[in-house]
4 protein chains.
Amino acid sequence: MYDKLREVVCQANIESAAGGLVICSWGNVSGIDRAAGVVAIKASGVSYDELSAEKMVLLDLAGNVLEGTLRPSSDTPTHLELYRNFEAIGGICHTHSLNATMWAQACREIPCFGTTHADYFYGPIPVTEAMTEKEIKSDYELNTGKVIVRRFADLDPMKMPAVLVANHGPFTWGKTAADAVEAAFVLEQTATIALGTITINPGQNQIDKALLDKHYLRKHGKNAYYGQIDDSKG
Amino acid sequence: MYDKLREVVCQANIESAAGGLVICSWGNVSGIDRAAGVVAIKASGVSYDELSAEKMVLLDLAGNVLEGTLRPSSDTPTHLELYRNFEAIGGICHTHSLNATMWAQACREIPCFGTTHADYFYGPIPVTEAMTEKEIKSDYELNTGKVIVRRFADLDPMKMPAVLVANHGPFTWGKTAADAVEAAFVLEQTATIALGTITINPGQNQIDKALLDKHYLRKHGKNAYYGQIDDSKG
Amino acid sequence: MYDKLREVVCQANIESAAGGLVICSWGNVSGIDRAAGVVAIKASGVSYDELSAEKMVLLDLAGNVLEGTLRPSSDTPTHLELYRNFEAIGGICHTHSLNATMWAQACREIPCFGTTHADYFYGPIPVTEAMTEKEIKSDYELNTGKVIVRRFADLDPMKMPAVLVANHGPFTWGKTAADAVEAAFVLEQTATIALGTITINPGQNQIDKALLDKHYLRKHGKNAYYGQIDDSKG
Amino acid sequence: MYDKLREVVCQANIESAAGGLVICSWGNVSGIDRAAGVVAIKASGVSYDELSAEKMVLLDLAGNVLEGTLRPSSDTPTHLELYRNFEAIGGICHTHSLNATMWAQACREIPCFGTTHADYFYGPIPVTEAMTEKEIKSDYELNTGKVIVRRFADLDPMKMPAVLVANHGPFTWGKTAADAVEAAFVLEQTATIALGTITINPGQNQIDKALLDKHYLRKHGKNAYYGQIDDSKG
């Protein structure tokens with residue numbers, strides 16, 4: 001019944017690894033069928049070589065396993081918390097991609113230094129607060145979701161489809177699981193270029209609001225004019 | 001009628017991606033038939049896996065589409081402005097290649113630190129001024145061309161076939177679309193080595209004029225003696 | 001009789017090279033049959049293209065060659081010293097992988113900056129003291145083992161399966177030869193991310209004990225809950 | 001008659017490109033038949049895809065072309081000057097490999113920070129003086145050879161098979177063309193690790209003489225004990 005969801009999520013997991021974003025088994029992608037309230041996510045610790053649609057686990061938004069004999073990813077409670085709070089998103093991707101993780105470990109947001117960044121992310125990539133000892137000791141993965149949600153109190157997740165969890169690594173999302181993986185890939189390139197930018201010019205400022213608006217909005221929103229099909233850009 | 005132009009420009013687009021210069025769909029190559037005043041350029045937002053000669057759009061220098069059902073690259077007005085002003089060029093390549101983009105985002109010209117650079121570029125790689133809010137808000141892509149042209153007031157585009165658009169990324173050009181892609185590739189290597197050079201020795205100076213002349217002129221101009229066929233080097 | 005041991009160790013050597021950890025012939029992996037007291041190790045200076053189970057040399061823990069016509073790796077005395085002192089380990093891997101070697105040459109331990117690190121290594125990656133002239137001049141490879149063992153006086157090698165030998169490079173280990181290679185691979189990623197972390201934020205602190213415990217212990221020890229099979233995680 | 005020499009030199013050129021050391025056509029490898037006084041070198045500006053033994057040019061040590069219809073590499077006078085002065089060498093490799101070129105452009109010798117370096121190079125990798133305007137303006141390529149030879153007044157080229165030409169890039173050599181390419185490959189790794197080392201610890205010192213001797217001499221000279229066949233190590 002959820003074969004299509006499983007297949008789509010499996011494919012997105014495979015692409016996250018093929019794109020060089022996932023090292024060892026350090027990553028997981030999920031997708032949600034909003035109408036049914038069903039989430040599909042990769043099973044925990046499974047090698048990417050052995051991935052198949054059957055190895056996706058199905059859960060409801062409360063975390064009850066609906067189908068699947070394997071354990072879901074240990075990060076599942078983080079994904080569920082994001083689905084519960086960011087209602088427009090349809091897929092989530094978590095990786096430890098090298099350059100994004102460097103910024104997450106440095107506990108620094110990625111400034112918007114150029115149009116590559118502005119084409120996808122409407123401002124600096126936010127970093128969460130460090131988690132407290134209490135948040136770490138119980139319900140750690142759920143609390144990881146909560147610190148992300150808290151960081152987005154004044155941010156629109158559809159205009160900023162990425163976050164750096166402090167001391168940890170990136171989560172990205174989008175309308176679909178495939179979009180979430182694309183955001184993870186673009187984030188990694190953005191993080192790489194930003195690291196070089198501050199190496200060349202440590203005092204470099206972020207780009208002006210006008211340039212950020214121009215690039216973000218020519219690709220997103222109702223006046224977008226990049227690409228071939230306007231309707232898909234809203 | 002312009003099948004050859006389309007084919008050549010398509011092939012140059014493919015090579016820009018194959019050479020690792022283009023990530024996602026962030027790039028575009030064009031070529032011009034000067035006699036006919038016809039420009040071929042990649043369609044906007046098309047995946048490189050699906051590129052074919054039919055997906056090149058033909059335009060005149062005023063920007064009127066002559067053939068092609070797809071929209072041309074959103075950067076087309078930049079290309080056209082360069083063709084109108086740099087009369088010797090026959091092809092243009094735009095990428096967000098990582099290391100060249102780092103320098104563009106840092107708003108720093110790439111100093112000529114060595115012979116690898118001097119073999120292709122006759123001096124430091126220039127960076128444009130940042131664009132004003134007014135230039136950004138209307139006719140942005142055309143104005144991108146104008147800031148490049150302005151930066152070249154005292155430069156010969158055939159001796160300096162590259163520019164860094166501030167906060168954005170590189171444009172390169174040459175006698176043909178293939179030459180423009182080669183310049184983009186060499187620029188990326190040059191940017192990479194220059195970043196390492198200033199990491200090792202932050203106070204490093206540019207090379208002397210004598211060494212710059214020697215390397216640039218042994219490959220270019222009427223006394224060139226590098227390679228097999230002198231006539232092609234002028 | 002020890003065909004299986006040879007085969008397993010050969011395969012682990014091949015994987016260390018396939019994973020990009022070994023450049024030229026700069027590396028060696030060994031494994032031990034604890035019941036028999038027999039160690040298998042790669043022959044010295046043999047190309048990875050020509051590796052086969054027959055090119056593994058068998059020795060006892062005192063260093064006597066039991067089988068094999070080729071010389072064992074010149075680093076064999078280091079491996080044997082580790083097997084004699086770290087009784088729980090079953091395999092050892094030595095590489096000159098680029099980023100781990102950068103830290104070893106800088107004589108700096110790798111701070112635990114994030115969860116990628118904490119998932120595998122229970123604290124900063126230790127670096128040995130520099131060896132004395134006397135230690136270098138006679139029994140150098142044996143003494144390399146001794147400085148590692150000395151550095152682990154207060155460390156549990158099963159919780160810290162890696163060390164940086166000062167001015168040299170990494171050694172890693174684990175329950176099997178394959179685990180030792182995995183540790184070498186994870187160490188290289190960890191070293192890479194840590195270098196980026198201090199570039200972005202030179203004053204960055206290590207993560208809190210609570211986060212280190214959470215990540216290390218969710219993958220290791222009796223309360224581990226990552227992956228599919230608890231029993232294999234002890 | 002010199003088919004073997006041509007073939008060996010062609011193969012070494014191909015390997016220099018396959019090893020990622022040569023970008024575009026920026027490199028050349030030569031070899032010499034000392035008994036005959038005949039040098040084979042790659043033709044100038046020829047693509048590596050089209051390389052074949054026939055595209056090697058044969059010259060005597062005075063630079064007279066003996067066989068071959070193509071022009072020899074423009075760096076030929078540099079190679080010949082090295083063969084005339086370094087009598088023990090049988091092959092030379094020139095590349096613009098990225099990391100070695102970073103150090104050459106920074107005009108900094110590569111300090112011996114570790115055993116990876118010491119296994120191949122008996123001390124820091126020397127950098128030449130910058131060339132004078134006069135040396136650049138006439139007989140530039142010959143003078144490039146002369147500044148290298150001058151730099152080696154007190155160095156043994158067989159113990160230090162590499163040099164960085166200031167503002168330019170590396171030359172390496174060895175007993176054969178293949179050895180020269182291996183030295184170029186090892187130099188590139190050494191340059192990469194050294195750059196990381198000074199990034200982590202800008203004040204890092206070179207290794208002690210005892211460790212340099214230990215590693216260099218266990219691989220080279222009459223008491224070498226690394227690898228399988230002592231006789232080939234002298």
Side-chain angles (χ1 to χ4, degrees), chain A residues 15 18-21 98-99 110-120 178-179 181-220 223-230 232-233, chain B residues 22-27 43-47 50 55 57 69-76 94-111 127 130-141 143-144 164-169 191-192 194-199 202:
Chain A
E15 270 162 35
L21 301 174
L98 296 178
N99 285 269
I110 305 178
C112 183
F113 285 134
T115 63
T116 315
H117 182 129
D119 278 337
Y120 285 82
D179 284 359
V181 173
E182 184 181 357
F185 184 77
V186 175
L187 175 62
E188 178 63 9
Q189 310 307 316
T190 299
T192 304
I193 305 174
L195 177 47
T197 302
I198 59 168
T199 302
I200 296 166
N201 187 357
Q204 179 62 14
N205 291 319
Q206 297 201 59
I207 61 174
D208 290 342
K209 180 71 164 56
L211 189 59
L212 173 61
D213 281 350
K214 182 70 196 177
H215 270 263
Y216 188 78
L217 299 175
R218 78 173 185 172
K219 282 206 172 181
H220 303 85
N223 295 316
Y225 59 93
Y226 180 93
Q228 298 302 328
I229 307 162
D230 282 310
S232 76
K233 296 282 160 181
Chain B
V22 174
I23 299 150
C24 300
S25 61
W26 311 336
S44 181
V46 173
S47 161
E50 304 162 0
K55 283 178 180 148
V57 183
T69 55
L70 296 169
R71 281 192 202 184
S73 164
S74 56
D75 295 317
T76 300
H94 173 48
T95 79
H96 289 217
S97 71
L98 296 177
N99 285 269
T101 304
M102 291 170 190
W103 286 89
Q105 290 197 164
C107 300
R108 290 277 163 94
E109 67 178 28
I110 306 178
V127 57
M131 291 169 75
T132 63
E133 186 168 340
K134 195 179 159 198
E135 288 171 327
I136 291 165
K137 286 204 169 163
S138 71
D139 293 326
Y140 170 66
E141 291 84 2
N143 287 329
T144 301
L164 304 175
V165 176
N167 307 307
H168 188 152
T192 305
L195 177 47
T197 301
I198 59 169
T199 302

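All values below were derived from every heavy atom in this structure, side-chain atoms included, with hydrogens, water molecules and symmetry-related copies excluded.
- If you measure heavy-atom distances from B/Ser25 to chain A, the contacts under 4.5 Å come from both the backbone and the side chain.
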Discussion item. Determine whether A/Thr115 and B/His96 satisfy the following criterion, side chain to side chain contact (heavy atoms under 4.5 Å, CB included), listing intermediate values before the conclusion.
Written reply: CA-CA 9 Å; A/Thr115 63; B/His96 289 217; 3.8 Å; yes
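- Residue B/Leu195 touches chain A through its side chain alone, counting heavy-atom pairs closer than 4.5 Å.
- Here the closest non-hydrogen pair linking B/Ile198 and A/Ile200 is CD1-CA, 4.2 Å.
- At a 4.5 Å heavy-atom cutoff, B/Val165 makes no contact with chain A through either its backbone or its side chain.
- Every residue meeting the salt bridge (Lys or Arg N to Asp or Glu O under 4.0 Å) condition with A/Arg218, not counting sequence neighbours, appears here in chain and number order: B/Asp75, B/Glu141.
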For a quick test of your reading: what N or O donor-acceptor pairs under 3.5 Å do the side chains of residues 103-110 of chain B make, sequence neighbours left out?
unit_1: B/Trp103; atom_1: NE1; unit_2: B/Ala191; atom_2: O; d: 3.1
unit_1: B/Gln105; atom_1: NE2; unit_2: A/Thr197; atom_2: OG1; d: 3.0
unit_1: B/Arg108; atom_1: NH2; unit_2: A/Asn201; atom_2: OD1; d: 3.3

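- If you take CD on A/Glu188 and CD1 on B/Ile23, they are separated by 10.5 Å, rounding to the nearest 0.5 Å.
- In this structure, the portions of B/Leu70 lying under 4.5 Å from any heavy atom of chain A include both its backbone and its side chain.
- Atom CD1 in A/Ile207 sits 12.0 Å away from atom CE in B/Met131 (nearest 0.5 Å).
- Among all heavy-atom pairs drawn from A/Val186 and B/Cys24, the shortest one is CG2-SG, 4.2 Å.
- Between B/Ile136 and A/Lys214, the closest heavy-atom pair is O-CD, 3.4 Å.
- Side-chain contact check for A/Gln204 versus B/Asn167: some heavy-atom pair is nearer than 4.5 Å.
- For the residue pair B/Met102 and A/Gly196, the shortest heavy atom distance occurs at SD-CA, 3.5 Å.
- Both the backbone and the side chain of B/Leu98 have a heavy atom closer than 4.5 Å to some heavy atom of chain A.
- Annotation: the span from A/Leu211 atom CG to B/Glu133 atom CD amounts to 10.5 Å, rounded to 0.5 Å.
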